Chemist: 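Below you'll find the structure I mean.
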Amino acid sequence: MLELRLVQGSLLKKVLESIKELVNDANFDCSSTGFSLQAMDSSHVALVALLLRSEGFEHYRCDRNLSMGMNLNNMAKMLKCAGNDDIITIKADDGSDTVTFMFESPTQDKISDFEMKLMDIDSEHLGIPEAEYDAIVRMPSAEFARICKDLSSIGDTVVISVTKEGVKFSTKGDIGAANIVCRQNTTVDKPDDATVIEMKEPVSLQFALRYTNFFTKATPLSSTVTISLSNELPVVVEYKIAEMGYVRFYLAPKIEE
Amino acid sequence: DPKQGNILSFFKKK
C-alpha cells in the first residue's frame with residue numbers, strides 16, 4: 001500500500017513539466033527515503049535524477065519498496081488536471097497495475113481522482129559516483145534559461161568555461177558567434193539573484209544546447225540553478241525543490257575525437 | 001566536430 005499526500009501539489013506538476021520532454025517512460029521508486037526517479041533520455045546523452053524526500057509529504061505511507069513504471073507524458077496529462085493550489089495524493093495498492101492521483105481543492109469542495117495504467121519498464125539504475133567538481137556555479141535559474149535560449153538561436157552547442165574571470169557561455173553558428181560572460185556578483189538585494197562561482201581548477205566543456213534547453217524546463221521549480229563542472233565529466237545542472245529534494249540533470253559533454 | 005559523449009561511458013550500471 002502506497003499513499004503519499006503532497007500539500008503543495010503544484011510541485012509535482014512542475015516536476016513532470018520539467019522532465020516529460022527529456023524522458024518518455026520511467027520507473028518511479030518509492031521507499032522510506034522518498035519518491036524518486038532515475039532515467040535517461042532515449043539516446044543516453046542525458047540522465048535525470050529526481051528526489052522528493054518523504055519528510056516533504058504531509059502523509060507518507062510506503063509499506064514496502066515499490067517501483068512504478070509510468071509514461072511521463074500521460075502522467076503530465078493527468079497532473080495538468082490538478083489545480084495549482086490542489087493537494088495531490090498518489091495512491092497504489094500492492095500488486096496493482098494502476099496508480100491513482102487524487103486532487104483536492106484547498107477548500108475541499110472538489111475532489112477528483114484519476115487512475116493511470118502502469119507499465120513494465122526495463123531499466124537499470126546507474127551508479128553516479130560522488131565527484132569533487134572543478135567548478136560550481138550558482139546563478140539565477142531564469143538567467144541560465146535566458147542564456148541557453150539566446151545561444152540556441154545562434155548555434156547548436158555551448159562551450160561553458162569557468163576561469164577566475166567568471167563563467168563564459170560561448171557558441172558559434174552559420175550566422176556568427178556569441179559569448180556571454182557572467183561574473184561573480186554577490187552584492188545583490190536578494191541572495192537568489194547572486195551569481196556565485198567556486199573554482200578549484202579552470203574548466204571548459206562543450207554541450208548540446210538542445211539538452212540544456214530541456215533542463216531549463218525546470219526553471220519554475222527553483223529561483224536558482226547550480227551547475228557543477230569537471231573536465232571530462234558530465235555536467236550536473238541542479239534545481240533544488242524547496243524543502244523536499246531536487247531535480248538533477250546530468251549531460252555528457254561533447255568530446256574531441 | 002567533437003563527438004557527443006554517452007552517459008553510459010561515465011556512469012556504470014549497478
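Below, read A as the first sequence line, B as the second, and so on, with proteins coming before strands; counting in each chain starts at 1. As the structure is a computational prediction, the values presented were derived from the model and not from experiment.
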Chemist: Would you call A:Lys240 and A:Glu238 a salt bridge, using N to O less than 4.0 angstrom?
Modeler: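 Yes, this pair counts.
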Chemist: Check each atom of A:Glu124 against the heavy atoms of chain B and say whether the ones under 4.5 Å are side chain, backbone, both or neither.
Modeler: side chain
Chemist: Mind telling me whether A:Tyr250 and B:Phe11 have parallel, tilted or perpendicular rings, with 30° and 60° as the class edges?
Modeler: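 Ring orientation, 0 to 90° scale: perpendicular.
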Chemist: So which part of A:Ser43 gets closer than 4.5 Å to some heavy atom of chain B, the side chain, the backbone, both or neither?
Modeler: backbone
Chemist: Is any side-chain heavy atom of A:Tyr239 closer than 4.5 Å to one of A:Val237?
Modeler: yes
Chemist: Determine whether a donor-acceptor pair (N or O, by modelled atom type, separation under 3.5 Å) exists between the side chain of A:Lys168 and the backbone of A:Ser161.
Modeler: no
Chemist: Using heavy-atom distances under 4.5 Å, tell me whether B:Lys3 contacts chain A through its side chain, its backbone, both, or neither.
Modeler: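 Both backbone and side chain.
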